[in-house]
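This report refers to the structure that appears directly beneath it.
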Amino acid sequence: MVGNGGRPISIALLGCGVVGSQVVRLLTEQADELAARVGAPLRLVGVAVRRPQRHPDVPADLLTTDAAGLVSRDDVDVVVELVGGIEPVRGLLLTALKAGKSVVSANKALLAEDGAALAAAADESGADLYYEASVAGAIPLLRPIQQSLAGDRIVRVAGIVNGTTNFILSAMASSGANYTEALEEAGRLGYAEADPTADVDGYDAASKAAILASLAFHTRVTADDVHREGIRDVSAADIAAAKALGCTVKLLAICEQVDGRVSARVHPAMIPRSHPLASVSGAYNAVFIEAAAAGQLMFYGQGAGGPQTASAVLGDLVAAARNRVIGGRGPRDTAHAALPVLSMGETHTRYHVALDVNDRAGVLAQVAGVFAEHGVSIATVRQEGRGEAGRDADDGAPGPKDATLVIVTHSASDAALAATVQALTGLDAVRGVAGVLRVEGLGRPVTDLGGGS
Ligand SMILES: NC(=O)C1=CN([C@@H]2O[C@H](COP(=O)(O)OP(=O)(O)OC[C@H]3O[C@@H](n4cnc5c(N)ncnc54)[C@H](O)[C@@H]3O)[C@@H](O)[C@H]2O)C=CC1
Ligand SMILES: N[C@@H](CC=O)C(=O)O
Ligand code: NA
């Protein structure tokens, strides 16, 4: 007989924190509806945690500290992993998959580091491996890429994929909130990772970019392949400079296919306030997909938070359970394209460069000359005279007045821009580089956040 004859589907849950506790709640509160949708009851048979005494809401007979024992139980059909991190989770999930148990996980760090090994184990045993919650929380994104767009050619996936940093940047821009307080609040609301440096230094978004690029382009991209910059260095001055240009600062993830290579990057960037991503605030995420036939698609919703993420986990769980009931498995990950990775130096985008200079004749020409020497074309220059006398380097006497030159470039390679900035710092007239930020989405289709001229 194909299928399981409608017998209950047994679930082992690993981790019962912000997301795991919401999965337990939804499994309990919606038990009848879920059974009707799956065609069999979903039965939670064990919950592995570190400290059982901290989980009074979970029936005591389900709690265990022995995660390895739980995933090895013969009666477990699906393992739901909501612990996070690489070890011991990788070993636990490989054990489960090799034994033919399906896995549902929200663990972007692990999937971006070793998704290939997990997918291979799932393929070998014919189990399902689902991870919709790992990217952009509640937003249905991976399934549309893997299934709805399986007949199309995706050329670009770009957007905001980290709720914590978006929450912080939104607070800094709207109310002038302090960075540290905004980060603490994101932690209290359950958005931040256990170690929030994963959020603010861009690791979390880089993992998500690796997963998105892998699925969208049918290749394997790991977190190490993704160029990563976080928001730690985004200052109130950068945010003010963006405002002056009619822009806002967002942490973006941009994955593209460029001439048969894959480019994946995460960094803060200025985007015009008229761009749809500019109004994505708080813990919301938004992702644009551009596909050859479909054109532009936009996905928007809550990217972090317990109940929101649990919704995506439950969606995967129902899919895996349905497959058990009918005796099959869902589509497997495909990596047939095996694309090489484009280095960040070769990636093209536009830049905002603010230079503190001596306000004297010929400075602008000197600065423009350095850009030209490096093949970086200037789109606009604005001078903000500050009217303050600088100090002469040798004798401390009042020097020429200070000014700030604000330059926005046309599209240039990252390597050319870096060399330009390096050369600018060598000019006598340049007192310092006040800020360099990429500028995305100027006068281009909404999905095309980079490379415009
Ligand atoms: N919080 C959010 O908004 C989102 C979280 N995620 C991902 O979901 C996963 C869980 O995140 P949260 O629930 O926020 O984390 P959390 O820190 O609130 O919960 C993790 C739980 O796992 C437990 N744990 C740690 N080591 C364990 C072990 N060896 N065995 C059993 N239990 C163990 C911890 O005690 C804790 O209760 C992570 O992979 C995270 O990246 C994904 C999307 C959104
Ligand atoms: N820490 C993550 C949680 C969801 O993936 C975020 O802030 O986006
Ligand atoms: Na999602």
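Whatever order the structure lists ligands and atoms in, that order sets their numbers, starting from 1.
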Item to check | Sub-4.0 Å atoms of ligand 2 with respect to non-hydrogen atoms of Lys208 | outcome: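 Matching atoms, with element in brackets: 2 (C), 4 (C), 5 (O), 6 (C), 8 (O).
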
Item to check | Asp199 neighbourhood, listing ligand 2 atoms whose heavy-atom distance to it stays under 4.0 Å | outcome: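 By the 4.0 Å cutoff, the relevant atoms are 1 (N), 2 (C), 6 (C), 7 (O).
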
Proximal atoms of ligand 1 relative to [X] (non-hydrogen, under 4.0 Å):
X      : value
Ala133 : 42 (C), 43 (C)
Gly305 : 2 (C), 3 (O)
Gly17  : 13 (O), 18 (O), 19 (O), 21 (C), 37 (O)
Val49  : 31 (C), 32 (N)
Ala304 : 3 (O)
Gly84  : 38 (C), 39 (O)
Ala48  : 31 (C), 32 (N)

Taking the minimum heavy-atom distance to [atom], which of [options] ranks first?
atom                    : options                       : answer
atom 40 (C) of ligand 1 : Glu193, Arg50, Glu87, Glu81   : Glu193
atom 7 (C) of ligand 1  : Ser105, Gly20, Ala312, Ala106 : Ala106
atom 10 (C) of ligand 1 : Leu82, Leu14, Val47           : Leu82

Checklist entry - When you check the space around the Na ion (ligand 3), which protein N, O or S atoms turn up under 3.0 Å? => result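 Short answer, with waters excluded from the count: Glu132 O, Glu132 OE2, Val135 O, Gly137 O, Ile139 O.
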
Which one holds for [X] and ligand 1: side chain close, backbone close, both close, or neither close, with close meaning a heavy atom under 4.0 Å?
X      : answer
Gln308 : neither
Ser134 : neither
Val18  : both
Lys108 : side chain
Ala109 : neither

Checklist entry - Does Ser134, backbone or side chain, put an N or O under 3.5 Å from an N or O of ligand 2? => result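 For ligand 2, there is no N or O atom that lies under 3.5 Å from one belonging to Ser134.
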
Checklist entry - Under the salt bridge (Lys or Arg N to Asp or Glu O under 4.0 Å) test, which residues partner Arg43, sequence neighbours left out? => result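 Testing Arg43 for salt bridge (Lys or Arg N to Asp or Glu O under 4.0 Å), a comparison that skips the adjacent residues, returns none.
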
Checklist entry - Are the side chain of Lys243 and the backbone of Ala173 linked by a donor-acceptor contact shorter than 3.5 Å? => result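 Looks like yes, one N/O pair under 3.5 Å.
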
Checklist entry - Do ligand 1 and Gly190 have nitrogen or oxygen atoms that lie under 3.5 Å from each other? => result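 Yes, at least one N or O pair falls under 3.5 Å.
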
